Novice: 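Here it is: the structure, laid out below.
Note that ligands are numbered from 1 as they come in the structure, with each ligand's atoms numbered from 1 the same way. Treat the numbers as computed from the prediction; the structure is a model and nothing was measured.
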Amino acid sequence: MLASGLLLVALLACLSVMVLMSVWRQRKLGGKLPPGPTPLPFIGNYLQLDTEQMYNCLMKLSKRYGPVFTVHLGTRRVVVLCGYDAVKEALVDQAEEFSGRGENATFDWLFKGYGVVFSNGERAKQLRRFSITTLRDFGVGKRGIEERIQEEAGFLIQAFRDTCGAFIDPTFYLSRTVSNVISSIVFGDRFDYEDKEFLSLLRMMLGSFQFTATSTGQLYEMFYSVMKHLPGPQQQAFKELQGLEDFVARKVEQNQRTLDPNSPRDFIDSFLIRMKEEKNNPNTEFFMKNLVMTTLNLFFAGTETVSTTLRYGFLMLMKHPEVEAKLHEEIDRVIGRNRQPKFEDRAKMPYTEAVIHEIQRFGDMIPMGVSRRVIKDTKFRDFFLPKGTEVFPMLGSVLRDTKFFSNPEDFNPQRFLDDKGQFKKSDAFVPFSIGKRYCFGEGLARMELFLFLTTILQNFCLKSPQAPQYIDVSPKHVGFATIPKTYTMSFLAR
Ligand code: D3G
């Protein structure tokens, strides 16, 4: 009895010392966590949030608590950064501290910390460096990939011609074309547009990407530890992600059987060769799991983001026919009808450049960013963020920051032009994020957006079954991603 009493006192004393020490450490670092609504046990701030519109709810909270505040998504403590200043001060001015990766419950179900996108520390660093170098080796940023994109654009034009002006849902036309560019790099070849397996992979990417944007997808971000065991749409998303992993794993096996260490055919081969080189390094990050997951990262991110942007872009252009007309004019004047667009043309096409920027700004592909994490105890403004704190850089709030973009809810390419009609950069244009973990596919994405958009408009007029005033460009879902409403359109040969 006495012994257990003493043990209890000792335990309590220990606990108090630990609490005091952590308070003292916080004081020493100056300040405390950013303010925010009081969380309840387990559900956090669930009662203050609406999973149908997480972005809007968080922005509403920032009106009350300021541009830097704390929110609890279930048991996840997240610091939210709103507006250009807060996001830039964190991701750029304190780049090292904010370079960790936070959670994405849906994708983490599959990736479990492996691969280049959803990983941390030395793993993320090594895989990022390898990915960038290897993409370059396979022509990214050079003529090689430009020619591949031009060729693929040619196949898309033919596919649209074959529709003979019928109204179609452009989703898979665009995703097949976009996906074939990254597929050529990671798998060494494009898929045939009639390939049934290809279409099923594209459905799996679209399905799981859309899920992260839905209300259930955002609810899953809060309560994944319970929901992963329950029936619901999340199980379908898991099936799709698993299907994608299985496909990549089969591709890797095929490559292994036919590998020539002296001449890598694709990203997978290059990774296999690096695995051999490092097989005696006990700390290597170049092993099978990272190979499969990194390849899937590139395949997925390289497909879904650009193709969703183009799909949203066409809807915006049909809503604003005067913008489409000016694009046609610039394309006819600078490129003409008799040769394929090339990336160099961009320098002479400020209007097109402005439209692409406005499509990306308005489209707001990843509104809350891919979540980050501070990798050490961090003093930020007057606050203290303990090591490991998750951070949401609200990219959408930067893309709509009124200090940079007036009437940000309007689609207006003029905002990216000066009074002489020259292209005007904006520091708040951050669809690829900023800082140490910005999107390293940015260069490839920009080249694809320019070449696909100009080649399509060189050959077609866009036609909606609805009059412009009835076209709804508000998103279908906003969660991890922004997803445009489903629609049909026709491509009329010019
Ligand atoms: C999704 C699934 C696997 N790997 C990457 C993604 C993804 C979607 C959007 C982005 O990454 C941002 N680059």
Side-chain angles (χ1 to χ4, degrees), residues 55 91 101-120 123-124 127-128 131-132 135 140 175 178-179 181-183 185-186 201-214 217-218 220-221 234 236-249 267 289-312 360 363-372 392-396 399 430-446 448-449 477-484:
Y55 173 86
L91 271 47
R101 176 62 74 221
E103 295 176 33
N104 180 302
T106 301
F107 294 129
D108 287 346
W109 178 88
L110 186 79
F111 289 90
K112 300 190 171 67
Y114 293 95
V116 65
V117 177
F118 303 107
S119 58
N120 269 296
R123 174 171 302 163
L127 295 176
R128 185 177 169 98
S131 300
I132 292 170
L135 288 182
V140 174
S175 65
V178 170
S179 192
V181 176
I182 192 69
S183 294
I185 299 171
V186 299
L201 295 168
L202 293 169
R203 284 189 199 287
M204 294 190 264
M205 287 192 261
L206 181 73
S208 51
F209 193 57
Q210 286 219 36
F211 171 73
T212 65
T214 62
Q218 288 300 302
Y220 186 77
E221 289 296 319
Q234 66 274 23
Q236 174 63 21
F238 300 158
K239 255 193 224 157
E240 292 164 339
L241 290 172
Q242 191 58 60
L244 290 163
E245 182 191 3
D246 294 346
F247 174 79
V248 174
F267 183 89
K289 187 90 177 165
N290 275 336
L291 162 52
V292 173
M293 292 310 181
T294 302
T295 304
L296 181 51
N297 284 146
L298 302 185
F299 183 42
F300 198 129
T303 296
E304 218 39 48
T305 49
V306 174
S307 80
T308 308
T309 303
L310 285 172
R311 181 163 91 253
Y312 214 154
Q360 287 197 266
D364 186 16
M365 199 68 266
I366 312 289
M368 304 185 280
V370 185
S371 72
R372 299 281 188 101
F392 283 8
M394 301 290 273
L395 302 183
L399 296 173
V430 296
F432 300 101
S433 193
I434 45 177
K436 291 217 171 189
R437 297 198 68 169
Y438 80 91
C439 171
F440 61 79
E442 170 169 352
L444 179 59
R446 288 193 171 196
E448 290 185 33
L449 290 174
H477 300 296
V478 182
F480 170 67
T482 303
I483 307 290

Novice: Quick check on side-chain contact (heavy atoms from CB on, under 4.5 Å): which of Leu135, Thr303, Leu444, Ile185 does Leu298 satisfy it with?
Specialist: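 Going through the options one by one, the only one that passes is Leu135.
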Novice: Enumerate the pairs of nitrogen or oxygen atoms, one from ligand 1 and one from the protein, separated by less than 3.5 angstrom; state names and distance to 0.1 Å.
Specialist:
unit_1, atom_1, unit_2, atom_2, d
ligand 1, 4 (N), Asn297, ND2, 2.9

Novice: Under 3.5 Å, side-chain donor or acceptor atoms of residues 105-117 against the rest of the protein: list the pairs with distances, not counting sequence neighbours.
Specialist:
unit_1, atom_1, unit_2, atom_2, d
Asp108, OD2, Asn104, N, 3.0
Lys112, NZ, Trp109, O, 2.8

Novice: Going through the distances and angles, do Gln242 and Glu245 end up as a side-chain hydrogen bond (donor to acceptor under 3.5 Å, both in side chains)?
Specialist: CA-CA 5 Å; Gln242 191 58 60; Glu245 182 191 3; 3.1 Å; yes
Novice: Can you confirm whether Thr482 sits close enough to Tyr55 that some side-chain heavy atom of one is under 4.5 Å from a side-chain heavy atom of the other?
Specialist: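 No, every pair of side-chain atoms sits at 4.5 Å or beyond.
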Novice: Any non-hydrogen side-chain atom of Phe211 less than 4.5 Å from a side-chain atom of Gln236?
Specialist: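 No, side chains not in contact.
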Novice: Inspect the surroundings of NZ in Lys239 and state if more than 12 heavy atoms from other residues, nucleotides or ligands are less than 6.0 Å away.
Specialist: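 Check fails, neighbour count at 12 or below.
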